[in-house]
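First the structure, in the form of structure tokens, and then the observations on it.
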Amino acid sequence: MELPKETVEQLQNLFIAANRPEKEIREDATSKIQKFVKETPNSIITLLVFQNLKAIDAGARTLSAITFKNLVKDSWVDGDEVENPIPSSDKEMVKSLLLNFILSAINNNTQSQLMESLSMIGKTDFPQQWPSILPELIKQMEFNSDIPTLSIILRVLHSLLKKYRGQEKNNQSLTELKYILSILPTPYLSLLIVSNNNNNNNNNNNNNNNNNNNNNNNNNNNNNNNNNNNNNNNNNNNNNK
């Protein structure tokens with residue numbers, strides 16, 4: 001989804017102003033951001049896409065991610081007290097984009113805000129209303145060998161599954177856990193094996209490097225000793241003359 005240029009400029013200016021130290025400017029910008037969120041169609045999608053743009057101010061990016069997270073917190077679950085409920089079509093779009101945006105996050109600040117958002121969505125929607133997220137995570141596990149990326153994937157997985165920790169057992173939770181256990185263990189075990197092999201390879205490489213360094217040091221020491229012996233011999237020969 002591509003945002004109109006005027007929307008990008010409008011949001012960037014508002015978020016930058018909302019970070020200004022002057023109270024009046026900051027409060028006016030914050031009020032306009034809240035108005036944008038409430039009155040603009042698809043505002044939750046706009047915020048999510050905006051924070052992932054490359055060429056925007058860092059402070060504006062972080063504040064956009066925080067605004068997105070707060071909107072999820074306040075309006076994701078429908079209820080009588082929700083002032084601006086998020087349309088179902090917007091929710092589906094957010095769920096289709098969120099994981100990729102977490103993996104491609106520009107910095108840790110925005111990534112942590114998106115992770116919190118995913119955790120809140122997962123608490124209410126996973127797995128029944130978000131059946132695609134677990135297969136998507138498994139696909140990322142199978143096609144990624146990059147350790148930092150795999151670490152993020154495991155953190156996402158933890159944020160989805162932690163709701164079952166200490167949860168009272170009932171038919172719904174048992175059915176959900178049965179579904180999770182039917183598809184997750186095999187790729188998860190494969191990931192652990194790959195990670196262990198990578199660690200072993202790294203250790204072997206380090207050992208080889210250490211051995212090479214030791215050999216080089218020994219060779220250098222031997223060469224130095226030989227040079228010293230030669231110098232001593234030359235000195236002795238000169239003295240005999």
Backbone of Glu39 reached by a side-chain donor or acceptor of Ser43 within 3.5 Å:
no

Any donor-acceptor N/O pair, Ser75 side chain to Val72 backbone, under 3.5 Å:
no

Does Glu27 offer a backbone N or O that forms a donor-acceptor pair with the side chain of Ser31 under 3.5 Å?
no

Could you pull out the closest heavy-atom pair between Ser159 and Leu118, with the gap in Å?
OG-CD2, 3.3 Å

Using distance alone, with no hydrogens and no angle criterion, decide if Thr67 and Asn70 have a side-chain donor and acceptor under 3.5 Å apart.
no

Membership question, hydrophobic clusters at under 4.5 Å side-chain separation (ILVMFWY): are Ile121 and Leu161 in the same one?
yes

Salt bridge (Lys or Arg N to Asp or Glu O under 4.0 Å) contacts in which one or both residues fall within residues 46-65, not counting sequence neighbours
none

Just checking Met120: does its CE atom have more than 12 heavy atoms from other residues, nucleotides or ligands closer to it than 6.0 angstrom?
yes

Salt bridge (Lys or Arg N to Asp or Glu O under 4.0 Å): which pairs involve residues 87-102, sequence neighbours left out?
Asp78-Lys91, Glu92-Lys95, Lys95-Asp125

Give every residue pair that meets the salt bridge (Lys or Arg N to Asp or Glu O under 4.0 Å) criterion with at least one member in residues 100-122, sequence neighbours excluded.
Lys69-Glu116

Side chain to side chain donor-acceptor pair (under 3.5 Å) against Lys163, all qualifying residues, sequence neighbours excluded:
none

Any side-chain donor-acceptor pair under 3.5 Å between Glu6 and Gln10?
no

Where the side chain of Thr40 meets the backbone of Phe36, is there a donor-acceptor pair that is under 3.5 Å apart?
yes

Would the distance check show the side chain of Ser64 and the main-chain N or O of Ala60 forming a donor-acceptor pair, the cut-off being under 3.5 Å?
no

Give a yes or no answer on whether the side chain of Glu142 reaches the backbone of Lys139 with a donor-acceptor pair at less than 3.5 Å.
no

Backbone of Asn108 reached by a side-chain donor or acceptor of Ser112 within 3.5 Å:
yes

Verify the distance criterion only: is there a donor paired with an acceptor across the side chains of Asn170 and Ser173 at less than 3.5 Å?
yes

Exam field: side chain Arg20 to backbone Ile25, donor-acceptor pair closer than 3.5 Å:
no

So, does Asp146 use its side chain to make a donor-acceptor pair with the main chain of Thr149 at under 3.5 Å?
yes

Enumerate the ring-ring contact (aromatic ring centres under 6.0 Å, His included) contacts for residues 14-33, please, sequence neighbours excluded, ordered by first and then second residue.
Phe15-Phe50

What do the steps show when you test Thr30 against Gln34 for side-chain contact (heavy atoms from CB on, under 4.5 Å), and what is the final call?
CA-CA 6 Å; Thr30 301; Gln34 291 172 349; 3.9 Å; yes

Can you check whether Glu9's main-chain N or O pairs, donor with acceptor, with Asn13's side chain at less than 3.5 Å?
yes

Any ring-ring contact (aromatic ring centres under 6.0 Å, His included) pairs touching residues 90-111, not counting sequence neighbours?
none

